[in-house]
Amino acid sequence: MAGPQHSLAANKFIGGTMSKMARILWLVAIASTFTQEMAFAQTAPAAQADAASSGDLQEIVVTAERRAESLEKVPATINVTSSKEMQSANITNTLEYGQLVPGVQFAVLGNYTEPVIRGVTTQVDGVGNAANVALYIDGVYISAQDAYDFDFVDVDSIETLKGPQGTLYGRNATGGAILVTTKNPSFNFGGTASVGYANFNDQMAQFYVTGPITDTLAFNLAAMHKSSNGYLRNLTTGDDIGGTETEAVRGKLLFKPNDAMQFVLAFDHSYHSDAAGYNDSTYKGNTIAQHTPGTIIASAPYQVSLTFNPLDQTTQDGGSLKGTFDLQGSTLTSITAFRRLTAYALADADYSSLPLNRNERWASETTISQELNLASTGSGPLSWITGVQISSDNAKNDPFKSNGVAVVSNQTIDTAASAFIETTYAITSQFFVLGGVRYSYEAETLNGAFLNVVKPNVGGSIAAQKWTPRFSIRYEPSDEVNLYATYNKGFKSGGFNTFTSNSTNAQGNAVSFEPETIDAYEVGAKMRFSRTVALDLATYFYNYKDEQVAAATLTNGVAGTQVLNAASARMYGGEAELRLQPMDNLSAQAGLAYIHDRFTSFPNALLSFPAPGGGNVQFAGDATGNRLLRVPDLTANIAVQYQHGLGSLGTAFLSGNAFYSTGFYSDFANRLRQPAYEVVNAQLGYSPPDNRFKVSLYSKNITDKTYALFLNAIALGDVITYAPPRTYGVQIDVNF
């Protein structure tokens with residue numbers, strides 16, 4: 001992979017010499033004109049109300065069970081967020097998404113975005129190592145952690161499946177799964193175009209268009225450009241940094257020759273530049289740089305003192321073909337997919353004005369996958385679904401450099417195959433039993449070169465296989481109540497330490513780690529008290545075994561860290577979600593999540609404590625009984641949407657959402673803690689009677705709360721990455 005200048009130039013999806021904003025506006029104008037001309041003979045769309053025509057709560061249909069099913073009938077905790085709810089809350093990317101779902105958050109560490117669900121998250125970084133919360137976009141598994149930080153483009157809904165997904169999703173889903181569904185083409189012409197501007201010179205433009213090509217072929221196309229100057233000040237260079245840039249395009253073709261089959265061909269391309277994971281500041285001034293007089297040390301929020309301005313650039317390309325076939329009694333679904341990610345990062349790893357450490361990383365990951373699922377249809381007492389999946393990941397560090405010297409250059413090839421079956425049987429019209437199992441096999445091969453170790457050229461192969469069952473009983477005393485109890489087993493495959501020279505042991509052999517597992521028990525109730533009130537409750541208990549954690553090691557007499565199966569933990573908690581639709585112009589959602597988590601065994605944890613004069617002393621210690629990383633005791637959220645008719649003048653819209661967290665620890669010693677914080681967002685909008693456009697004023701983090709996206713203890717000191725301060729802006733959405 002080339003350097004940053006080349007990647008910036010090579011990954012633009014629209015050419016020309018116009019500015020980025022001008023280019024996207026030009027595309028919006030063309031798409032709007034094209035669509036309006038083709039739809040000229042069509043009946044003009046009637047004004048659409050954002051709220052339902054009645055005050056009733058609308059049924060939520062989910063695909064979490066790999067088939068369309070009512071949320072109230074699924075014996076599991078699933079949080080569903082629609083595109084309308086995300087727009088009302090002005091949630092536009094994955095890092096903000098946790099504000100709508102209690103018990104879920106995202107952290108950034110360098111290139112990687114790491115989701116946390118019910119206390120389960122990964123500490124395994126590096127190319128070829130996946131997170132333990134699985135991400136699917138339109139049914140396609142996304143393996144690269146670099147890809148978890150993205151802006152929402154043409155997203156239709158997001159389903160968050162809490163708890164292990166050992167049967168239906170299986171691979172790397174010990175914490176849960178996040179299912180992102182984007183819009184499919186429509187045979188009715190239509191679309192939207194949006195532009196927005198906010199403080200920090202935050203600019204946004206995007207469009208979406210869909211319609212028929214023939215009676216059996218339809219298309220859609222979405223594109224977006226976003227950029228921002230950032231909210232940080234580099235005291236060393238005097239620059240404002242933290243700017244971001246995103247360009248993305250996604251298109252689909254829907255071919256439906258008859259009612260028994262359909263095919264969706266999809267492609268996407270994106271370029272994302274956001275160095276948030278490297279724009280770190282020292283936390284409370286603790287840095288080894290204190291030893292050097294005259295060193296610039298940033299310790300205030302939104303200030304850094306870096307020798308140079310970091311970079312983090314990611315390009316993704318993907319394509320998939322999804323075929324659905326009605327076989328009269330069952331439905332066959334096939335998903336064939338290809339994805340390619342390339343990344344470049346430049347980081348000042350000493351977090352001070354001293355020119356001590358300059359890290360550069362070139363990386364890539366290519367994935368090919370095939371999935372076949374067969375699900376029963378009909379109304380008999382027995383329903384079932386079965387499927388097989390196979391995938392191949394080819395990931396490379398090519399290379400990783402420290403101060404201009406190549407330290408690591410390696411490749412991991414991961415082959416995964418699995419098969420599953422799950423059945424549900426109605427013993428009576430009110431009592432149901434579910435049973436399922438998945439068999440998973442994964443093999444990984446490492447080929448690498450490491451400098452300054454006993455054997456510079458290393459390699460190795462590991463393989464693992466696992467049976468992961470799921471059992472559930474469900475009782476429906478009435479049409480409004482669903483009671484269930486479920487057991488799930490989750491499995492995350494093992495891997496290799498691939499990121500630093502600590503990837504080898506004292507004998508110079510590659511260090512691998514084994515799979516981790518979770519046994520999860522959940523009891524829940526889903527209730528609809530009336531046509532306007534629904535409440536979901538759940539309690540759970542997790543037994544977390546062989547957790548993959550960063551443990552302290554001694555290699556050739558040098559202390560370091562390696563990912564090992566060094567810990568076990570137990571967690572239990574409870575959650576509640578309330579949905580209200582008291583009237584047709586008012587809706588609300590509220591959620592609450594509590595968790596109790598402790599390491600039950602962690603004898604060789606890497607502990608860090610401040611050293612005299614700055615920096616940290618690191619050593620192996622016992623963290624048994626301590627809290628897990630990035631797990632708040634309590635999180636809560638509330639979101640409200642209201643619209644008010646203005647007669648012949650149109651409609652006014654008001655929405656707001658608030659998120660609260662009791663805070664969390666960020667190190668195994670439980671020394672670094674993010675205190676409790678809250679985030680409040682609001683939006684005010686207006687639309688004319690014909691609903692042709694909407695103008696919105698919005699603000700995020702209204703109270704200007706300062707809190708951490710990431711907090712960490714390393715040998716050089718304590719570092720923090722700050723979340724954005726208060727932002728405010730305006731957005732115009734046009735419907736056509």
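Sequence positions, counted from 1, serve as the residue numbers for this chain. In this text, all values refer to a predicted model and were calculated from it rather than measured experimentally.
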(request) Please assess Asp326 against Asp259 for the test side chain to side chain contact (heavy atoms under 4.5 Å, CB included), listing each intermediate value before the final yes or no. (result) CA-CA 8 Å; Asp326 185 351; Asp259 292 337; over 6 Å; no
(request) Ignoring hydrogens and angles, tell me if any N or O in the side chain of Ser687 forms a donor-acceptor pair with the backbone of Phe693 under 3.5 Å. (result) yes
(message) If I take atom CG from residue Asp312 and atom OG1 from residue Thr244, how far apart are they, to the nearest 0.5 angstrom?
(response) 11.5 Å
(message) Is it the case that the side chains of Ser227 and Glu247 hold a donor-acceptor pair, with the cut-off being a distance below 3.5 Å and no angle test?
(response) no
(message) Under the side chain to side chain donor-acceptor pair (under 3.5 Å) test against Asn234, which residue among Asn279, Asn309, Asp239, Asp348 passes?
(response) Asn309
(request) May I ask you to check whether Asp151 and Thr246 show a side-chain donor-acceptor distance below 3.5 Å? (result) yes
(request) Mind telling me whether Phe263 and Phe255 have parallel, tilted or perpendicular rings, with 30° and 60° as the class edges? (result) parallel
(message) Can you confirm whether more than 12 heavy atoms, excluding those of Asp215, are under 6.0 Å from its CG atom?
(response) no
(request) Would you check, one step at a time, whether the test side chain to side chain contact (heavy atoms under 4.5 Å, CB included) holds for Ile213 with Leu253? (result) CA-CA 9 Å; Ile213 298 175; Leu253 288 174; 3.9 Å; yes
(request) Would you kindly say whether Asn394 and Gln411 are connected by a side-chain donor-acceptor distance under 3.5 Å? (result) yes
(message) Is there a side chain to side chain contact (heavy atoms under 4.5 Å, CB included) between Thr315 and His269? Walk through the geometry before answering.
(response) CA-CA 8 Å; Thr315 300; His269 168 82; 3.7 Å; yes
(message) Determine whether a donor-acceptor pair (N or O, by modelled atom type, separation under 3.5 Å) exists between the side chain of Asn637 and the backbone of Leu100.
(response) yes
(request) Using the test ring-ring contact (aromatic ring centres under 6.0 Å, His included), find all partners of Tyr698 that sit at least two apart in sequence or belong to another chain. (result) none
(message) Can a side-chain donor-acceptor contact be found between Tyr278 and Asn359 if the only test is distance below 3.5 angstrom?
(response) no
(message) Using the rule given for side-chain hydrogen bond (donor to acceptor under 3.5 Å, both in side chains), can you reason through Gln641 versus Gln589, listing the C-alpha separation, both sets of side-chain angles and the distance that settles it, and then say yes or no?
(response) CA-CA 9 Å; Gln641 302 89 35; Gln589 304 85 36; 3.2 Å; yes
(request) For salt bridge (charged side-chain N to carboxylate O under 4.0 Å, His left out), just list the numbers for Asp414 and Arg171, CA-CA rounded to whole Å, side-chain angles, deciding distance to a tenth of an Å, and then say yes or no. (result) CA-CA 12 Å; Asp414 190 305; Arg171 187 182 182 199; 3.5 Å; yes
(request) Check each of Lys252, Lys183, Arg339 against Asp138 using the salt bridge (charged side-chain N to carboxylate O under 4.0 Å, His left out) test, and report the only one that passes. (result) Lys252
(message) To the nearest 0.5 Å, what is the distance between OG on Ser364 and OH on Tyr344?
(response) 15.5 Å
(request) Spell out, as yes or no, whether a donor-acceptor pair under 3.5 Å connects the side chain of Asn373 to the backbone of Thr333. (result) no
(message) Run Thr331 and Arg67 through side-chain hydrogen bond (donor to acceptor under 3.5 Å, both in side chains) and show every step you take.
(response) CA-CA 9 Å; Thr331 299; Arg67 69 172 88 208; over 6 Å; no
(request) Decide whether Ser696 and Gln731 meet the rule of one side-chain donor and one side-chain acceptor closer than 3.5 Å. (result) no
(message) Could you check whether any side-chain N or O of Gln316 sits under 3.5 Å from a backbone N or O of Ser270, counting only pairs where one atom can act as donor and the other as acceptor?
(response) no
(request) Would you please name every residue forming a salt bridge (Lys or Arg N to Asp or Glu O under 4.0 Å) with Glu371, sequence neighbours left out? (result) Arg66
(message) Working to the nearest 0.5 angstrom, can you tell me the gap between Thr122 OG1 and Asn132 CG?
(response) 5.0 Å
(request) Name the orientation class of the two ring planes belonging to His644 and Tyr642 (parallel below 30°, tilted from 30 to 60°, perpendicular beyond 60°). (result) parallel
(request) Show your reasoning for whether side-chain hydrogen bond (donor to acceptor under 3.5 Å, both in side chains) applies to Asn199 and Thr727. (result) CA-CA 6 Å; Asn199 57 329; Thr727 59; 4.7 Å; no
(message) Could you check whether Asp146 pairs with Arg361 (Lys NZ or Arg NE/NH1/NH2 to Asp/Glu carboxylate O, under 4.0 Å)?
(response) yes
(request) Kindly check if the number of other-residue, nucleotide or ligand heavy atoms within 6.0 Å of CG (Asn258) is above 12? (result) yes
(message) Between Thr210 (side chain only) and Ser186 (backbone N and O only), is there a donor and an acceptor less than 3.5 Å apart?
(response) yes
(message) When you compare the side chains of Asp393 and Thr367, does any donor N or O come within less than 3.5 Å of an acceptor on the partner?
(response) yes
(message) Under a plain distance cut-off of 3.5 Å, with no hydrogens placed, do Glu245 and Gln313 share a side-chain donor-acceptor pair?
(response) no
(message) Has Ser655 got a side-chain atom pairing as donor or acceptor with Val640's backbone, closer than 3.5 angstrom?
(response) no
(message) Could you work out, with ring-ring contact (aromatic ring centres under 6.0 Å, His included) as the rule, every residue matching Tyr231, not counting sequence neighbours?
(response) Tyr302
(request) Nearest 0.5 Å please: distance from the CD atom of Gln99 over to the CG atom of Asn90. (result) 10.0 Å
(request) Examine distances only and state if a side-chain atom of Gln389 and a backbone atom of Ser369 form a donor-acceptor pair shorter than 3.5 Å. (result) no
(request) Report, as yes or no, whether the 6.0 Å neighbourhood of atom CZ on Phe308 holds more than 12 heavy atoms from other residues, nucleotides or ligands. (result) yes
(message) Would you compute the distance between atom CD of Glu96 and atom CG of Asn681 and round it to the nearest 0.5 angstrom?
(response) 7.5 Å
(message) Within this structure, what is the OG1-OH distance for the pair Thr314 and Tyr148, rounded to the nearest 0.5 Å?
(response) 14.0 Å
